[in-house]
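We number each residue from 1, following the sequence as shown.
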Amino acid sequence: MNKTVIYGALTIAGLAAGSAAAATLDDIKARGTLNCGVNTGLTGFAAADANGVWDGFDVALCRAVAAAVLNDATAVEFIPLTSQTRFTALASGEIDMLSRNTTWTFTRDVDLAFEFTGINYYDGQGFIVPRELGVASALELDGASVCIETGTTTELNLADFFRVNNMNYEPVPIATNGEALEQYGAGACDVYTTDASALAAARATFEDPSAHVILPEIVSKEPLGPVVRHGDNQWGDIVRWTLNALIAAEELGITSANVAQLAADGTDNPEINRLLGVEGDFGAMLGLDNDWAVRVISTGGNYGELFERHIGESTPIGLARGLNAQWTDGGLLYAPPFR
């Protein structure tokens with residue numbers, strides 16, 4: 001079993017090493033579209049409507065990057081990927097970036113030869129159960145059957161949690177979030193476990209969300225963020241600083257409503273001016289023009305606007321900012337200076 005896992009990791013690493021030297025930005029400009037890997041369907045984060053139009057918090061990051069490099073937020077080819085196919089798709093060059101609720105870990109960063117370009121959502125693994133089971137704590141789940149998506153950190157965390165607490169469980173392996181909801185809804189498992197944000201997204205889709213309880217325990221750290229291949233530093237910088245631009249814009253009070261005016265008139269704040277291309281030559285450092293960040297913020301707004309629109313407390317998902325609040329508001333969200 002361990003040999004299989006190691007072989008798979010080395011195979012992915014080999015694919016990544018073989019394609020990392022490519023100039024990703026040039027490839028994207030030549031084809032005229034950004035190929036972005038997303039979830040096969042996770043409400044609020046990445047989902048296609050009846051017309052095939054993708055929307056969501058992770059989707060918005062893909063569109064922001066496309067706006068930066070192609071001056072067109074719609075020039076994105078969304079590639080839906082499962083937890084089992086996402087890394088091979090990135091390593092092989094099928095996608096330019098992965099924006100799919102993916103946890104930053106040591107082995108994924110180092111052994112698989114990928115580069116996480118930041119964290120766009122600080123999360124942790126939780127559990128959801130039918131209210132009728134009368135379970136109030138994950139410590140009451142001894143002997144439960146648990147729907148678990150294979151090939152994920154949640155699979156390993158689940159084993160650790162039950163082992164540490166001297167409990168047993170029956171795993172019900174599934175491949176996608178959609179399959180998990182189907183199995184959980186059909187009663188094939190007592191519990192579904194995944195990132196707490198995904199549980200909130202799942203509960204919002206149920207016919208009666210109040211009939212399901214997200215248990216209080218958070219049993220892991222799940223820093224989720226965009227991923228690119230090792231080796232193409234310019235492309236990694238573009239994705240990294242696109243995310244940083246969204247985060248910094250919220251901190252600096254730059255919104256989709258005022259960004260154009262601030263860029264046109266300039267401000268008394270040098271950092272705002274540098275971010276928006278009024279001062280300095282930051283765009284050229286990335287291989288872009290100096291209006292790149294203006295387009296990023298104009299596409300859907302700053303980080304806070306995107307959060308509230310797609311997954312915030314006013315949406316059916318109803319997520320509070322929590323750890324994902326700005327550092328100035330007691331959260332972990334913090335962009336390096338544009339200096």
(message) Tell me the closest heavy-atom pair linking Cys62 and Leu34, and the distance in Å.
(response) O-CD2, 3.3 Å
(request) Give me the one residue out of Ser99, Cys36, Pro226 that meets side chain to side chain contact (heavy atoms under 4.5 Å, CB included) with Asp58. (result) Ser99
(request) Report yes if some heavy atom in the side chain of Leu288 is under 4.5 Å from a heavy atom in the side chain of Val69; otherwise report no. (result) yes
(message) Main chain of Ala67, side chain of Arg295: is a donor-acceptor contact present, judged purely on distance under 3.5 Å?
(response) yes
(request) Mark yes or no for whether Asn269, through its side chain, and Glu271, through its backbone, hold a donor-acceptor pair below 3.5 Å. (result) yes
(request) Rounded to the nearest 0.5 Å, what's the gap from CZ on Arg203 to CD1 on Ile317? Could you check? (result) 11.0 Å
(request) Kindly indicate whether the side chain of Val172, heavy atoms from C-beta on, has any atom under 4.5 Å from the side chain of Ile148. (result) no
(request) For the residue pair Leu306 and Leu246, establish whether any side-chain heavy-atom pair is separated by less than 4.5 Å. (result) yes
(request) Please name the residue in the list Val294, Asn302, Ile272 that meets the side chain to side chain contact (heavy atoms under 4.5 Å, CB included) test with Ile254. (result) Ile272
(request) For the pair Asp329 (side chain) and Ala325 (backbone), establish whether a donor and an acceptor sit closer than 3.5 Å, ignoring hydrogens and angles. (result) no
(request) Determine whether Tyr121 and Met97 fall in the same hydrophobic cluster, where Ile, Leu, Val, Met, Phe, Trp and Tyr are linked whenever their side-chain heavy atoms lie under 4.5 Å apart. (result) yes
(message) We want to know whether Thr24 and Asp232 form a side-chain donor-acceptor pair, criterion being a heavy-atom distance below 3.5 angstrom.
(response) yes
(request) May I have the step-by-step check of side-chain contact (heavy atoms from CB on, under 4.5 Å) for Ile119 and Leu332, ending in yes or no? (result) CA-CA 10 Å; Ile119 299 169; Leu332 297 178; over 6 Å; no
(request) Could you walk me through whether Arg86 and Glu94 pass the salt bridge (charged side-chain N to carboxylate O under 4.0 Å, His left out) test, one step at a time? (result) CA-CA 10 Å; Arg86 56 184 165 175; Glu94 179 184 354; over 6 Å; no
(message) Please determine whether a side-chain nitrogen of the Lys or Arg among Arg240 and Asp237 lies less than 4.0 Å from a carboxylate oxygen of the Asp or Glu.
(response) yes
(request) Taking the six-membered ring for Trp and the full ring for Phe, Tyr or His, determine whether the centres of Tyr303 and Phe57 are under 6.0 Å apart. (result) yes
(request) Over all heavy atoms of both residues, which pair between Ala180 and Cys147 is shortest? Give the atoms and the distance, please. (result) O-SG, 4.4 Å
(request) Determine yes or no for a side-chain-to-main-chain donor-acceptor pair under 3.5 angstrom, with Asp190 supplying the side chain and Ala144 the backbone. (result) no
(request) Walk me through it: do Ser83 and Glu149 pass the test side-chain hydrogen bond (donor to acceptor under 3.5 Å, both in side chains)? (result) CA-CA 8 Å; Ser83 56; Glu149 193 170 347; 3.3 Å; yes
(message) Regarding Asn101 and Asn39, do their side chains bring together a donor and an acceptor under 3.5 Å, going by distance alone?
(response) yes
(message) What verdict does the side-chain contact (heavy atoms from CB on, under 4.5 Å) test give for Leu252 and Leu275, after you've listed the backbone C-alpha separation in whole Å, the side-chain angles of each residue and the deciding distance to 0.1 Å?
(response) CA-CA 10 Å; Leu252 295 169; Leu275 173 59; 4.2 Å; yes
(message) Checking Arg63 against Thr74: is there a side-chain donor and acceptor pair closer than 3.5 Å?
(response) no
(message) Go through it in stages, so that I can follow the logic: the residues are Trp241 and Phe338, the test is ring-ring contact (aromatic ring centres under 6.0 Å, His included), and I'd like the CA-CA distance, side-chain angles, deciding distance and then a yes or no.
(response) CA-CA 9 Å; Trp241 286 96; Phe338 281 79; 4.9 Å; yes
(message) In the structure I gave you, are the side-chain heavy atoms of His230 and Leu112 within less than 4.5 Å of one another anywhere?
(response) no
(request) Hey, could you give me the CZ/CD distance between Arg321 and Glu308, rounded to the nearest 0.5 Å? (result) 6.5 Å
(request) Return yes if a side-chain donor-acceptor contact under 3.5 Å exists between Glu115 and Asn233, otherwise no. (result) no
(message) Taking Val38's backbone N and O only, do any of them form a donor-acceptor pair with Trp54's side chain (distance below 3.5 Å, no angle check)?
(response) no
(request) Would you tell me whether Thr194 and Gln125 have side-chain atoms, one donor and one acceptor, within less than 3.5 Å of each other? (result) no
(message) Side chains of Ser256 and Glu305 only: does a donor on one sit below 3.5 Å from an acceptor on the other?
(response) yes
(message) Within the structure provided, determine whether Thr40 and Leu81 are in side-chain contact (heavy-atom separation under 4.5 Å).
(response) no
(request) Can you tell me which residue pairs pass the ring pair (Phe, Tyr, Trp, His ring centres under 6.0 Å) test with a partner in residues 170-203, sequence neighbours excluded? (result) Tyr184-Phe206, Tyr184-His212
(message) Once rounded to the nearest 0.5 Å, what's the spacing between atom OG1 of Thr102 and atom CZ of Phe87?
(response) 5.0 Å
(message) Has Thr205 got a side-chain atom pairing as donor or acceptor with Ala202's backbone, closer than 3.5 angstrom?
(response) yes
(message) Within the structure provided, determine whether Glu250 and Thr255 are in side-chain contact (heavy-atom separation under 4.5 Å).
(response) no
(request) Quick one: closest heavy-atom pair of Ser137 and Leu215, and the distance? (result) C-CD1, 3.8 Å
(message) In the structure I gave you, are the side-chain heavy atoms of Leu158 and Val146 within less than 4.5 Å of one another anywhere?
(response) yes
(message) Within the 3.5 Å criterion, strictly below it, is a donor on Gln84 or Thr82 matched to an acceptor on the partner's side chain?
(response) yes
(request) Step by step, work out the salt bridge (charged side-chain N to carboxylate O under 4.0 Å, His left out) result for Asp208 and Arg131. (result) CA-CA 11 Å; Asp208 180 9; Arg131 186 177 296 276; over 6 Å; no
(message) Measuring only between side-chain heavy atoms, which start at C-beta, is Trp292 closer than 4.5 Å to Thr242?
(response) yes
(request) Could you tell me whether a side-chain N or O of Glu179 sits under 3.5 Å from a main-chain N or O of Ala175, the two making a donor and an acceptor? (result) yes
(request) Examine the side chains of Trp104 and Asp109 and answer whether a donor and an acceptor come within less than 3.5 Å of each other. (result) yes
(request) Could you pull out the closest heavy-atom pair between Phe127 and Glu217, with the gap in Å? (result) CD1-O, 4.5 Å
(request) Provide the closest heavy-atom pair for Leu25 versus Leu286 in the form atom of the first, atom of the second, distance. (result) CD2-O, 4.3 Å
(request) Walk me through it: do Leu224 and Asp195 pass the test side-chain contact (heavy atoms from CB on, under 4.5 Å)? (result) CA-CA 10 Å; Leu224 311 178; Asp195 297 340; 3.7 Å; yes
(message) Just to verify, what does Glu170 make a side-chain contact (heavy atoms from CB on, under 4.5 Å) with, not counting sequence neighbours?
(response) Ser145
(request) Show your reasoning for whether side-chain hydrogen bond (donor to acceptor under 3.5 Å, both in side chains) applies to Thr328 and Glu251. (result) CA-CA 8 Å; Thr328 50; Glu251 179 185 348; 5.8 Å; no
(request) Measure from NZ or CZ of Arg108 to the centre of the six-membered ring of Phe116, then state whether that distance is under 6.0 Å and the direction lies within 45° of the axis. (result) no
(request) Treat each ILVMFWY residue as a node, draw an edge where side-chain heavy atoms are under 4.5 Å apart, and state whether Ile174 and Val191 are in one component. (result) no
(message) Looking only at the side chains, is there a donor atom on one of Thr152 and Thr154 sitting less than 3.5 Å from an acceptor on the other?
(response) yes
(message) Taking Ala335's backbone N and O only, do any of them form a donor-acceptor pair with Asn244's side chain (distance below 3.5 Å, no angle check)?
(response) no
(request) Report the C-alpha separation of Tyr169 and Leu141 in whole Å, then their side-chain angles, then the decisive distance to 0.1 Å, and conclude whether the side-chain contact (heavy atoms from CB on, under 4.5 Å) test is met. (result) CA-CA 8 Å; Tyr169 68 99; Leu141 295 176; over 6 Å; no
(message) With clusters defined by side-chain heavy atoms of hydrophobic residues (ILVMFWY) lying less than 4.5 Å apart, directly or transitively, does Met285 cluster with Val239?
(response) yes
(request) Determine the minimum heavy-atom distance between Leu90 and Arg229, stating which atoms define it. (result) O-NH1, 2.6 Å
